[in-house]
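Since the structure comes first, as structure tokens, the remarks are kept for the end.
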Amino acid sequence: MIPELTTQLTSEDPDVRRAAIEQLQYNEPDLATVPIVVQMLMDGSPGVRDAAANTLRGWKNAQVAGAIAPLITHRQAVVRNLAGELLVFMGRDAVDCLYPYCHVNDVDTQKFAIDVLGLIQDPAVAPHLFRVMENKDDNVAYAGVEALGNCRVPEAVEKLKDLYTRREILRHVIIESLGKIGSRDSLEFLFQHFYDDDPLIRFAVLEALGAVGDDAVIPTLIQFADQQKEPNLRRMALQSLVELIKKSGVLPTFPGGFENNLCELVNEDHGAQYPWAVEALMWFTGDDVSAALGTALGANPALDEQLANYFYREPDKAFAAALANLATHDDPPLVVLQLVYNALSQFNTKIYNNLLLTVSYEDFDRLVEFVERQWYNPDPEMRRFVLDNLFKVDGDRAMDHLQEMANDTEPWNKMHAIELVETIDDPRIPGLLAMLAGDEDELVRDMAVAQLQRRQGAGVMMPELN
């Protein structure tokens, strides 16, 4: 099989080369096949390179890692980076074959090999990294310090603190690594440099405190964030503060107006870049808070459920948020539609119970009309969703569309129409059910007949069925 596949691997057609690589993955890796597949990592076709990478992942072992390692010196970045990704995937199997590349003459290769070791995150490489971080080349030493942090080596704390006093250019990455390691000794050292004159050091300290800090750090971060004028430092303090509060599970006491710091961040990008700020803002209440959170609806799908729960608890604010969102979006996200429907349903209950409505009837009608317009969305699930909610707030409008749903070509939509009218009393419904009782789909017919019989049993006048 190998001679035949070798011929296919030299084909001018990349699809043939890719198919040959995919066949090789079913062979056991050996001295013949591994070099062939590694060679294809340098192929000009992305599809062939991907197929070779997938085959090598399936063969994961030290021999395969050793064959890949020389490619980290390749002059083409796409090949070099692919080799690095594969070596990280190989994990501990790749550690030994990377050591020699940490001491070659080419600084870029040294740094790349050290970076890969750091991403493998095997604490056993610590003695090797201790030597690397003392390298005279700042870039290589920087990579060694960063790798120690990524590997989270507790034994590195004292060595890093000592290096901090000797290599000023490495101080910022030393702080970062101490934060990743996260020991108690790291925390005390970080606090010593909390107000360092260098803003880069202060930023690194603030970031590290989010990882290594505890409850005792929270009051300091609250005060710092509330008084800090430099935007980047304030943002980093807020982010670390939020991380620590979530870790503790207990909300602290905030100074008055503290939420404005979070509102400012959320208003900047609607939570797309700083989702943690959106989460934290939900700890607060107020019109400014709701307005800022309203802008975040749909910007980050991972937060939409939390935002929906926040607004469901406060329908008045939900209504305002929905109006504001509709004013700025021609095609609002689904979470906004859900919010609209929920608000309309709650307000409709107030209307029928003669309770005070805190929004204008004009705005109420505007949202109902918006809901109705979504009926023309081609997504059948959306149309079912719209009809469900129209029945909650405006039965007459819903009935206008019910006949369209009953005439749909999709049986599930017809059955949905039958389910919707189960508890609705309208003189048009028996005729609609009679029509569906003659439908070509058996399930639709059975459901329609069953509901007609229930209505007849309840004394409702029924049309005659053919």
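We use all heavy atoms of the structure for the numbers below, so side chains are in, but hydrogens, waters and symmetry mates are not.
Taking all atoms of both residues into account, the shortest heavy-atom contact from Gly210 to Lys247 is O-NZ, 3.9 Å. For Met282 against Leu293, the heavy-atom pair with the smallest separation is CG-CD1, 3.8 Å. Considering all non-hydrogen atoms of both residues, Leu238 and Ala225 come closest at CD2-CB, 3.8 Å. Closest heavy-atom contact between Ser290 and Tyr310: OG-OH, 3.8 Å. Counting all heavy atoms, side chain and backbone alike, Asp215 lies closest to Ser248 at OD1-CB, 3.3 Å. When every heavy atom of Cys97 is checked against every heavy atom of Leu87, the shortest pair comes out as SG-CD2, 4.4 Å.
At a threshold of 4.0 Å, the pair Arg234-Glu264 counts as salt-bridged, since one of the basic side-chain nitrogens sits closer than that to a carboxylate oxygen. A salt bridge does not link Asp441 with Lys414: none of the charged nitrogens is closer than 4.0 Å to a carboxylate oxygen. Between Glu22 and Arg18, at least one side-chain N (NZ, or NE/NH1/NH2) sits under 4.0 Å from a carboxylate O, which counts as a salt bridge.
Other residues, nucleotides and ligands contribute only 12 or fewer heavy atoms inside 6.0 Å of the CD atom of Glu305.
For Phe284, the ring-ring contact (aromatic ring centres under 6.0 Å, His included) criterion is met by Phe254, not counting sequence neighbours. Partners of Arg428 under the side-chain hydrogen bond (donor to acceptor under 3.5 Å, both in side chains) rule, at least two apart in sequence or in another chain, are Asp426. By the ring-ring contact (aromatic ring centres under 6.0 Å, His included) test, His270 is found to be paired with no residue, residues two or more places apart in sequence or in another chain being considered.
Put simply, CD on Glu243 and CG on Leu221 are 10.0 Å apart, with the number rounded to the nearest 0.5 Å. Separation of atoms CZ (Phe224) and CG (Leu241) is listed at 12.0 Å; rounding is to 0.5 Å. Of the inter-residue distances, the one linking Leu307 atom CG with Glu279 atom CD reads 9.5 Å to the nearest 0.5 angstrom. Separating the CD atom in Glu419 from the CH2 atom in Trp412 is a distance of 9.0 Å, to the nearest 0.5 Å. Here the CG-CG distance, from Asp269 to Leu265, works out to 8.0 Å after rounding to the nearest 0.5 Å.
Judged purely by atom type and a 3.5 angstrom limit, Asn81 uses its side chain to pair as donor or acceptor with the backbone of Ala77.
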